[in-house]
Amino acid sequence: MFGVVLWSDSSDRKAVIWCEDHGDLAYFSAAEGEFCDGIALDAGDLVQFDLAEDRVMRRAQNPRIVAEEQYPSLATRLQEANCMASEKVNIPPVSRPEGEEGSAIVLPFTPRRKAHGRAQDKARAAQACEIGGKL
């Protein structure tokens, strides 16, 4: 799998990677026995890695740098996009209840009605073309 390093800690040899499949983030930790040929992963690096999934998280194994500093501002841009989206739909800032540091907070997504309307418009246009082609 390919991904972009969003955060890294060179002293602990850990990293958080945004995956090409846009699924959950992958976590890398050389402290867990991973051998990575002494490479240093930095935020913005494009990497290729083997993905292992368990019940708790996705883990990046055997990371290899494809291009250094390929996307240096990606983490910041994702944060900005998240803030802009939150402001646009008026989502209040999320704070975790005391004692629930490790709990994930999932926000529901509501379907867009415009997208459904566009699909119907396309279907109607296709029907009109079929009818027009037969005449």
Side-chain angles (χ1 to χ4, degrees):
M1 172 149 328
F2 288 92
V4 177
V5 177
L6 295 177
W7 172 88
S8 69
D9 184 327
S10 58
S11 63
D12 284 341
R13 297 182 64 195
K14 294 181 179 182
V16 176
I17 302 170
W18 190 38
C19 302
E20 69 179 321
D21 66 357
H22 300 271
D24 290 338
L25 300 175
Y27 299 91
F28 171 75
S29 176
E32 295 174 355
E34 287 294 319
F35 180 72
C36 62
D37 294 329
I39 63 171
L41 301 176
D42 294 313
D45 288 350
L46 176 63
V47 294
Q48 185 176 16
F49 56 94
D50 301 322
L51 183 66
E53 296 189 55
D54 59 31
R55 293 180 330 158
V56 181
M57 69 178 67
R58 299 170 96 180
R59 296 185 189 277
Q61 299 175 335
N62 190 27
R64 295 149 325 264
I65 295 177
V66 175
E68 292 182 349
E69 298 182 21
Q70 185 71 28
Y71 302 97
S73 62
L74 181 61
T76 303
R77 292 178 65 202
L78 288 171
Q79 287 175 334
E80 290 170 354
N82 184 42
C83 289
M84 287 174 29
S86 296
E87 291 171 2
K88 190 173 186 178
V89 295
N90 204 15
I91 297 173
V94 176
S95 61
R96 297 182 186 274
E98 196 171 318
E100 293 188 20
E101 294 83 22
S103 299
I105 296 175
V106 179
L107 299 176
F109 290 93
T110 56
R112 293 183 177 177
R113 293 183 184 185
K114 291 180 184 178
H116 181 65
R118 288 184 195 143
Q120 288 178 342
D121 292 342
K122 287 181 182 180
R124 288 185 192 127
Q127 286 177 342
C129 289
E130 287 177 13
I131 292 170
K134 291 180 184 177
L135 294 177

Look up atom CZ in Phe28 and atom CG in Asn62, then write down how far apart they are to the nearest 0.5 Å.
9.0 Å

For the student: nearest non-hydrogen atoms of Ile17 and Ala60, plus distance:
CD1-CB, 3.7 Å

With side-chain contact (heavy atoms from CB on, under 4.5 Å) as the test, would you mind laying out the steps for Met1 and Val47 before giving the verdict?
CA-CA 8 Å; Met1 172 149 328; Val47 294; over 6 Å; no

Correct closest heavy-atom pair for Phe49 and Phe2 would be CE2-C, 3.9 Å

Look up atom OG1 in Thr76 and atom CG in Leu6, then write down how far apart they are to the nearest 0.5 Å.
10.0 Å

For the backbone of Lys14 and the side chain of Asp12, can you confirm whether one donor and one acceptor N or O come within less than 3.5 Å of each other?
no

Distance check, rounded to the nearest 0.5 Å: Arg64 atom CZ versus Leu46 atom CG?
11.5 Å

Please determine whether the number of non-hydrogen atoms from other residues, nucleotides or ligands lying under 6.0 Å from atom CD of Gln70 exceeds 12.
yes

With a 4.5 Å heavy-atom cut-off, do Val5 and Asp42 have their side chains touching?
no

For Arg59 and Met57, indicate whether the former's side chain and the latter's backbone hold a donor-acceptor pair under 3.5 Å.
no

Any donor-acceptor pair under 3.5 Å linking the side chain of Asp45 with the backbone of Glu68?
no

